[in-house]
Engineer: 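Quick one: the structure is below, questions incoming.
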2 protein chains.
Amino acid sequence: MVNKFAIHVSLSDLDRAAVQGLPHSVRYFESGSYIARDGDLTDHCTVLLSGFAFRHKITGQGLRQILSILIPGDIINLQQLYLDAADHNVQTLTPCKIATIPQVALRTMASDRTAIADALIASTMVDASIYREWMVNIGRRDARTRLAHLLCEFAARLDVQGIAPGQPYELPMTQEQLGDAIGLTTVHVNRTLRGLIKDGLVFQNKRGITFPEWEIFMVEADFNSRYLHLRERGTPPGYSF
Amino acid sequence: MVNKFAIHVSLSDLDRAAVQGLPHSVRYFESGSYIARDGDLTDHCTVLLSGFAFRHKITGQGLRQILSILIPGDIINLQQLYLDAADHNVQTLTPCKIATIPQVALRTMASDRTAIADALIASTMVDASIYREWMVNIGRRDARTRLAHLLCEFAARLDVQGIAPGQPYELPMTQEQLGDAIGLTTVHVNRTLRGLIKDGLVFQNKRGITFPEWEIFMVEADFNSRYLHLRERGTPPGYSF
DNA sequence: CGTTATCTTGACCGTCGTCAAACAGGGTGG
DNA sequence: CCACCCTGTTTGACGACGGTCAAGATAACG
């Protein structure tokens, strides 16, 4: 369970056992609560076991920018073990289950086992790559493409967990949160989403959200999953987006 | 010289010697040339020794988004050693001097010396933090604040290299490039910059760019240097922005 | 000194933001 | 079971920030 976070990172042999043997405690957070706050200092590393969360920052004018969406298996605050205080907030979108690991345990494991250290670095670098793509999205794409791109990213990332990219998934974000993620207002997100639905590219019901024309939708979204680095170095791509 | 990149990252003892002893070759690039391209595979790590460069990506519509500015001491493509192909381009802004280090040398050093591995991770995390702040800047601040923020970041980062934040520095970017960095058009960057100059917040001449009212300017820019993580964990701040 | 890149300015336009109100759904309590 | 909220969605009218197009002015460069 704790080892989830190493799966999509690097092929580790049976030092998976070491990860699974890490001392940790589990905590539960309800929807909307803060897991970490801007300015926090900590000596624990936390991993998201189930549920969804997001990173965000508030500007001097009180505007919020969502920086990334965390899905099960993601490491929440590795950064604070290597730098000083947290520079952003982490808040839950849904009820979440979180594992907390003491810093020392993780660090000694990292220095003992090169493969683990590599996995941590690789994971951090994938995060950075996603940040870069978001910058492109926010800075240089129009509202429609921007929203579509975000929805594609969801589908692609959730797909790794076994859900096919065309399949419905539950989107645990309000339109206000979607707007804060892509630099738009709630109102404009609504209009844009309505437009995508009207054009038959997005289908929505209680079960979740679906993309009837996945191939066309990806083009519309200017989406190419390469930046997610879903495959290992040298691993042949299984399903190509 | 090669060790520059470890200075602002983590206090390493005399394994600085190890860094300085790394096998490397030096290459020179002229202004505007590509150091790395989207899709590149490589087994070398490169470090920027002198000059300025920038990371960027092109959208499907041909629009460019600049992702970060590289200053001397920055590692250019650590990522490609841990992931697969490059997901963005790196291009020079000025003539540049680049050190190239074989992957194996760096990796063995990282696994032998924990402090170095930590420094690499910390450096990657600072990059990620800067990406996050840029997202906030591009997504949630108006043109004037956005431009001012970028200029503040320059001043703060160059300050580490000994230039005081109020001091003039040479801005090696065209207005088109500034626009691509903050998600604006050339024309609007021009108007916005003119506005800042007219209001006495920015002063420009052949020597470079200066901020006569640094304190006021930082407020106007909604700038707080914390996200740059310029100080070590536990190190008291020397000059507070 | 001519050629090209970059900067600057004006007029006009459109995407997206603002303000406001109505509507739907889900939970709570009387 | 039905008022009553509260949160989130939806829609309209209007305005503004920033984009587009185009031209001229400067500066950089061979």
Side-chain angles (χ1 to χ4, degrees), chain A residues 30-33 54 59 61-66 91-95 137-151 170-199 202-209, chain B residues 30-33 54 59 61-66 91-95 137-151 170-199 202-209:
Chain A
E30 50 188 60
S31 180
S33 54
F54 65 104
T59 69
Q61 287 180 86
L63 299 173
R64 177 175 69 173
Q65 175 66 45
I66 292 182
Q91 201 173 354
T92 58
L93 283 169
T94 64
N137 205 32
I138 298 168
R140 286 299 183 210
R141 292 200 259 253
D142 64 23
R144 183 183 172 96
T145 314
R146 237 187 268 187
L147 178 58
H149 192 280
L150 179 64
L151 297 178
E170 201 199 339
L171 187 69
M173 295 174 75
T174 66
Q175 293 182 358
E176 183 183 13
Q177 290 162 343
L178 286 172
D180 283 346
I182 55 181
L184 296 174
T185 58
T186 311
V187 175
H188 207 69
V189 167
N190 184 285
R191 286 194 232 275
T192 308
L193 184 57
R194 294 270 103 217
L196 289 171
I197 291 170
K198 184 170 60 60
D199 296 349
V202 172
F203 179 74
Q204 211 184 10
N205 64 10
K206 299 144 213 163
R207 313 295 299 274
I209 190 169
Chain B
E30 50 187 60
S31 180
S33 54
F54 64 104
T59 70
Q61 288 180 85
L63 299 173
R64 178 175 69 173
Q65 175 66 45
I66 292 181
Q91 202 173 352
T92 58
L93 283 170
T94 64
N137 206 32
I138 297 168
R140 285 300 183 210
R141 290 200 260 253
D142 64 22
R144 183 184 172 96
T145 315
R146 235 187 271 187
L147 179 57
H149 191 280
L150 180 63
L151 297 178
E170 202 198 339
L171 186 70
M173 295 175 75
T174 66
Q175 293 182 357
E176 183 183 14
Q177 290 163 341
L178 287 172
D180 284 346
I182 56 182
L184 295 175
T185 57
T186 311
V187 174
H188 207 68
V189 167
N190 183 286
R191 287 193 232 274
T192 308
L193 184 56
R194 294 271 103 216
L196 288 172
I197 292 170
K198 182 169 62 59
D199 297 348
V202 172
F203 180 75
Q204 211 184 10
N205 64 11
K206 299 143 211 163
R207 312 294 300 273
I209 190 169

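Sequence lines set the chain letters: A, B, ... in the order given, protein chains first and strands last, and positions in each chain run from 1.
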Engineer: So if I define the base as every atom that isn't primed, P, OP1 or OP2, how would nucleotides 25-30 of chain D read as a B/S/- string at a heavy-atom cutoff under 4.0 Å?
Structural biologist: ------
Engineer: B/Ser31 side chain to B/Leu93 main-chain N or O, any donor-acceptor pair under 3.5 Å?
Structural biologist: yes
Engineer: Can you measure B/Arg140 atom CZ to D/dC17 atom P for me and round it to whole angstrom units?
Structural biologist: 16 Å
Engineer: I need the minimum non-hydrogen distance between B/Pro172 and B/Gln177, along with the two atoms involved.
Structural biologist: O-OE1, 4.0 Å
Engineer: 5' to 3' on DNA chain C, which nucleotides open and close the contacts with chain A (atom under 4.0 Å from a heavy atom)?
Structural biologist: C/dC16 to C/dC19
Engineer: So B/Leu193 and B/Ile197, do their side chains get closer than 4.5 Å, heavy atoms only?
Structural biologist: yes
Engineer: If you take any heavy atom closer than 4.0 Å to DNA chain C, which residues from residues 186-198 of chain B end up in contact?
Structural biologist: B/Val187, B/Asn190, B/Arg191, B/Arg194
Engineer: Regarding B/Gly183, tell me which of base, sugar-phosphate or nothing describes its non-hydrogen contacts under 4.0 Å with the strands shown.
Structural biologist: sugar-phosphate
Engineer: Any donor and acceptor pair, going by atom type alone, linking the side chain of B/Thr145 with main-chain N or O of B/Arg141 inside 3.5 Å?
Structural biologist: no
Engineer: Has B/Thr92 got a side-chain atom pairing as donor or acceptor with B/Pro95's backbone, closer than 3.5 angstrom?
Structural biologist: no
Engineer: Just jot down the salt bridge (Lys or Arg N to Asp or Glu O under 4.0 Å) partners of A/Arg140, sequence neighbours excluded, or say none.
Structural biologist: B/Asp180
Engineer: Taking it one step at a time, do B/Leu178 and B/Thr186 satisfy side-chain contact (heavy atoms from CB on, under 4.5 Å)?
Structural biologist: CA-CA 8 Å; B/Leu178 287 172; B/Thr186 311; over 6 Å; no
Engineer: Would B/Asp199 and B/Arg194 pass as an ion pair if we require N to O under 4.0 Å?
Structural biologist: no
Engineer: Got a sec, which residues hit salt bridge (Lys or Arg N to Asp or Glu O under 4.0 Å) with A/Arg146, two or more places apart in sequence or on another chain?
Structural biologist: none
Engineer: Any idea which heavy atoms bring B/Ala181 and B/Leu150 closest together, and the distance?
Structural biologist: CB-CD2, 4.1 Å
Engineer: Check the pair B/Ile138, B/Gln65 against side-chain contact (heavy atoms from CB on, under 4.5 Å), reporting the backbone distance first and the verdict last.
Structural biologist: CA-CA 11 Å; B/Ile138 297 168; B/Gln65 175 66 45; 3.5 Å; yes
Engineer: One pair to check against side-chain contact (heavy atoms from CB on, under 4.5 Å): B/Ile66 and B/Arg64. What are the steps and the verdict?
Structural biologist: CA-CA 6 Å; B/Ile66 292 181; B/Arg64 178 175 69 173; 4.3 Å; yes
Engineer: Taking atom C1' of D/dT9 as reference, at what distance in whole Å does atom CE of A/Met173 sit?
Structural biologist: 16 Å
Engineer: In whole angstroms, how far is the P atom of D/dC17 from the CG atom of B/Asp142?
Structural biologist: 9 Å
Engineer: If the helix axis at each end comes from five base pairs, how far does the helix from C/dT8-D/dA23 to C/dG30-D/dC1 deviate from straight, to 10°?
Structural biologist: 40°
Engineer: Determine yes or no for a side-chain-to-main-chain donor-acceptor pair under 3.5 angstrom, with B/Gln91 supplying the side chain and B/Gly32 the backbone.
Structural biologist: yes
